[in-house]
Amino acid sequence: MMAVMLRFSLNQMVDRRRIALVGILALIPVGIVLLISGRVADGDTLDPSPILDGLVIAGVLPLVVMALATSAFGNELEDRTLNNLVLKPVSRVLIVLPKMAASILVAAPILL
């Protein structure tokens with residue numbers, strides 16, 4: 001059951017619009033670091049890793065995960081399959097865990 005839910009959730013999440021949105025969100029910190037490093041004087045050095053880590057962890061990561069997690073159940077609402085899924089005699093954990101795993105599998109390679 002979980003493998004089927006995971007495969008179905010991955011198929012729902014991997015569309016061009018969502019991947020483009022996640023990719024753009026992941027590139028925002030890189031652009032900010034490039035802008036900051038361009039403003040640094042020639043003799044000074046800038047270590048972008050603390051800035052980049054802080055922006056990704058504090059800003060981009062929650063946005064990406066929220067967008068993917070809401071789309072995991074949003075697709076079920078749009079397709080009108082959430083009622084059928086919840087009414088089945090299946091533990092809610094077996095519904096939520098594949099959705100969460102699909103969100104992680106889609107977001108992790110892009111953010112890394």
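Small disclaimer: the values here were computed from a predicted structure and weren't measured.
- Both V93 and M100 are members of a single hydrophobic cluster when ILVMFWY side chains are connected at heavy-atom separations under 4.5 Å.
- Pairs of residues two or more places apart, or lying in two chains, that qualify as salt bridge (charged side-chain N to carboxylate O under 4.0 Å, His left out) and include a residue from residues 90-108 are E76-K99.
- Under the 4.5 Å side-chain criterion, counting only non-hydrogen atoms from C-beta, L97 is in contact with M2.
- The nearest pair of heavy atoms linking R80 to N84 is O-ND2, 4.3 Å.
- Applying the salt bridge (charged side-chain N to carboxylate O under 4.0 Å, His left out) test to residues at least two apart or on different chains, none of the pairs has a partner in residues 60-74.
- Following chains of ILVMFWY side-chain contacts shorter than 4.5 Å, one can reach I104 starting from M5, so the two form part of one hydrophobic cluster.
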